[in-house]
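Report on the structure given below.
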Amino acid sequence: MKLSKNFSLAELCATSTGVKNVPTQDVTDNLTNLVKNVLQPLRDLYGKPITVNSGYRCEALNKRVGGARTSQHMTGQAVDITTGTKEGNRKLFAILEGMEFDQLIDEKDMSWIHVSFKPSPNRNQKLKL
Ligand SMILES: [Zn+2]
């Protein structure tokens with residue numbers, strides 16, 4: 001199922017771990033909001049493909065990959081993305097800074113970016129991990 005021009009529900013729920021990672025309707029709604037408000041506008045401004053490393057994680061998957069216990073990945077409100085290069089990721093981060101988000105995290109010196117969005121209010125909190 002396509003959520004927007006460039007993003008599908010399948011790629012936002014994909015995992016190579018073998019854990020069954022099926023979104024509920026609430027999770028699907030959150031992923032849809034994340035795509036419509038953040039990912040697709042970001043993709044349009046960036047103008048090139050963006051890879052989703054990790055989107056929705058059910059509790060078992062989140063545990064398996066060592067995610068935080070209260071991770072927004074578990075509600076479908078967060079995504080980890082990369083362009084494949086740190087230079088590209090710096091550009092993505094700069095674009096995201098001008099948008100509405102809940103949390104925006106520079107992970108391991110721009111190795112990838114974590115961004116989350118929720119209906120409201122969003123915190124517009126920036127972190128470097
Ligand atoms: Zn993340």
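FYI, side chains are in, hydrogens and waters are out, and symmetry mates aren't considered; it's all heavy atoms of this structure. Counting starts at 1 for both ligands and their atoms, in listed order.
When distances from the Zn ion (ligand 1) to the N, O or S atoms of His114 are compared, ND1 comes out shortest. Within Asp80, the N, O or S atom at minimum distance from the Zn ion (ligand 1) carries the name OD1.
In this structure a side-chain-to-backbone donor-acceptor pair under 3.5 Å is present from Asn62 to Ala68. Listed for the Asn21 side chain is a donor-acceptor partner under 3.5 Å among the backbone atoms of Tyr56. A side-chain donor-acceptor contact under 3.5 Å links Asn30 to the backbone of Thr75.
Here the CG atom belonging to Leu42 is positioned 7.0 Å from the CZ atom belonging to Phe7, to the nearest 0.5 angstrom.
Here Glu107 fails the criterion, with no N, O or S atom under 2.8 Å of the Zn ion (ligand 1).
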